[in-house]
Amino acid sequence: MAKFLPCLDNQIAFQLDFMPLLVAAVTDLQAQVETLHSIYLNGSIAYRQATKGCSDLNLTVVITAPLTAVEQHRIAVVCQNLQQHYPVVTNIDITWLLLDEVLSITAIFKWGFWLKHCSVCLYGTNLGEQFGYFEPCWEISKVFNDDIAAFLETMQQQIRRTISMVEYQTYCRRAGKKMLRSCFMLVACRIDGWAYTDQQCADYFLTVYPDKTTEIERLFVLINGPVVPKKASLFLLSQWGGWIVNEFNQIERKIG
């Protein structure tokens, strides 16, 4: 019998601390984007496990045509204003998708899965309802993990260049979260659930790789602090990141 992956519950209320921000974000995007199709919430706020003053606002926005230069400028201003007026989040991250891209058969394991199992529709026609329930499979892990090598290289370059402590901490946090998510993707096709939080990523990964506890603990330090020297963070990205990339490539060669 097929074991389908879980979906986020659209009926559960969001945490009250984040409701004013969500309303403002949807309202502002409606006003600034003429080709808007639908807006989806992702991340810890969608999972109802966000932490005030620590979590990010993650949105996926589907549009019917590419953004104009004017719209891009307006959206940048909107995001800046939202962060100033709603310090309940530390960052606002928006993923923009074209409707044709989402509905393409070649993107079903990425955006079909993403909208079905990892998103809550805030506005517009819910495209997630057009897809069936997904089962654990390597195809999903692959499309969400195939950028890990390039990502790690970019992060190392940015960490080396920055002289800002705020930027450095942001890069460390971003790199740690991506690596932790990549660790989960290595095992996602072997389990019957899905990791929505950092801790769930770690727990699932360690059920298959129990000897990697120390490395996972170091990732949590990278994400949550205390701040480590650049030399230490670069070593972790190079050595542990290299192991993740190598393990991903080995699994890909076996499964294909």
Side-chain angles (χ1 to χ4, degrees), residues 5-64 67 71-99 102 110-131 133 144 166 169-170 173-174 176-178 180-181 184 193-202 220 223-225:
L5 292 169
C7 292
L8 297 175
D9 192 338
N10 289 359
Q11 303 305 313
I12 298 177
F14 296 115
Q15 295 160 279
L16 291 177
D17 287 335
F18 300 92
M19 282 302 299
L21 169 61
L22 294 178
V23 172
V26 171
T27 300
D28 288 349
L29 288 172
Q30 284 181 265
Q32 299 299 337
V33 184
E34 293 184 6
T35 58
L36 182 63
H37 177 276
S38 46
I39 302 172
Y40 305 84
L41 179 65
N42 312 103
S44 59
I45 302 178
Y47 314 151
R48 284 77 165 181
Q49 296 190 28
T51 302
K52 183 178 179 181
C54 295
S55 296
D56 299 337
L57 172 62
N58 301 106
L59 298 173
T60 299
V61 180
V62 179
I63 50 181
T64 57
L67 295 172
E71 286 177 322
Q72 292 179 34
H73 173 72
R74 288 175 179 171
I75 291 161
V77 173
V78 164
C79 290
Q80 186 178 40
N81 289 339
L82 287 173
Q83 283 195 247
Q84 289 178 345
H85 290 97
Y86 300 94
V88 68
V89 294
T90 57
N91 185 52
I92 296 174
D93 181 63
I94 302 178
T95 298
W96 296 91
L97 301 175
L98 288 172
L99 179 60
V102 173
K110 187 166 189 177
W111 302 126
F113 169 78
W114 180 250
L115 297 181
K116 184 70 177 183
H117 292 277
C118 301
S119 305
V120 177
C121 186
L122 299 179
Y123 167 82
T125 301
N126 185 1
L127 293 172
E129 294 179 351
Q130 297 191 27
F131 300 95
Y133 293 95
F144 281 100
V166 174
Q169 289 178 283
T170 299
R173 179 177 172 81
R174 184 181 172 197
K177 280 182 169 290
K178 175 66 173 179
L180 195 54
R181 174 60 54 175
F184 168 68
W194 191 258
Y196 289 108
T197 67
D198 292 343
Q199 190 60 56
Q200 288 172 339
C201 286
F220 275 107
I223 295 168
N224 300 318

Working for side chain to side chain contact (heavy atoms under 4.5 Å, CB included), residues Ile75 and Trp96: CA-CA 11 Å; Ile75 291 161; Trp96 296 91; 3.4 Å; yes
Is it the case that atom [atom1] in [X] sees more than 12 heavy atoms from other parts of the structure closer than 6.0 Å?
{"X": "Phe220", "atom1": "CZ", "answer": "yes"}
{"X": "Arg173", "atom1": "CZ", "answer": "yes"}
{"X": "Glu34", "atom1": "CD", "answer": "no"}

How far apart are the closest heavy atoms of [X] and [Y], and which atoms are they?
{"X": "Asp198", "Y": "Leu180", "result": "O-CD2, 3.4 Å"}
{"X": "Cys7", "Y": "His117", "result": "SG-ND1, 3.4 Å"}
{"X": "Thr125", "Y": "His37", "result": "O-CE1, 3.5 Å"}

Spatial distance of atom [atom1] ([X]) from atom [atom2] ([Y]) [nearest 0.5 Å]:
{"X": "Glu71", "Y": "Ile63", "atom1": "CD", "atom2": "CD1", "result": "7.5 Å"}
{"X": "Leu67", "Y": "Leu36", "atom1": "CG", "atom2": "CG", "result": "10.0 Å"}
{"X": "Ile45", "Y": "Thr51", "atom1": "CD1", "atom2": "OG1", "result": "10.0 Å"}
{"X": "Leu99", "Y": "Thr35", "atom1": "CG", "atom2": "OG1", "result": "10.0 Å"}
{"X": "Leu22", "Y": "Leu122", "atom1": "CG", "atom2": "CG", "result": "6.0 Å"}
{"X": "Asn42", "Y": "Leu59", "atom1": "CG", "atom2": "CG", "result": "7.5 Å"}

Under 3.5 Å, side-chain donor or acceptor atoms of residues 76-88 against the rest of the protein: list the pairs with distances, not counting sequence neighbours.
from	atom 1	to	atom 2	distance (Å)
Asn81	ND2	Val77	O	3.4
Gln83	NE2	Thr90	O	3.2
His85	ND1	Asn81	O	2.8

Is it the case that the side chain of [X] and the backbone of [Y] share a donor-acceptor pair, with hydrogens and angles ignored and the cut-off at 3.5 Å?
{"X": "Arg181", "Y": "Ala195", "value": "yes"}
{"X": "Tyr40", "Y": "Leu127", "value": "yes"}
{"X": "Ser119", "Y": "Trp114", "value": "yes"}
{"X": "Gln200", "Y": "Tyr196", "value": "yes"}
{"X": "Asn58", "Y": "Ser44", "value": "no"}

By the definition side chain to side chain contact (heavy atoms under 4.5 Å, CB included), identify the one residue from Val102, Asp93, Leu41, Thr95 that meets it with Thr60.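 That would be Thr95; it is the only one of Val102, Asp93, Leu41, Thr95 passing the side chain to side chain contact (heavy atoms under 4.5 Å, CB included) with Thr60.
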For residues 10-19, please give each side-chain donor-acceptor pair under 3.5 Å, one per line with the distance, not counting sequence neighbours.
from	atom 1	to	atom 2	distance (Å)
Gln15	OE1	Gln49	N	3.4
Gln15	OE1	Ala50	N	3.0
Gln15	NE2	Ala50	O	2.9

State, with a plain yes or no, whether a side-chain heavy atom of Phe113 is found less than 4.5 Å away from one of Leu5.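 In contact.
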Under the side chain to side chain contact (heavy atoms under 4.5 Å, CB included) criterion, do Lys52 and Val89 qualify, and how do the steps go? CA-CA 6 Å; Lys52 183 178 179 181; Val89 294; over 6 Å; no
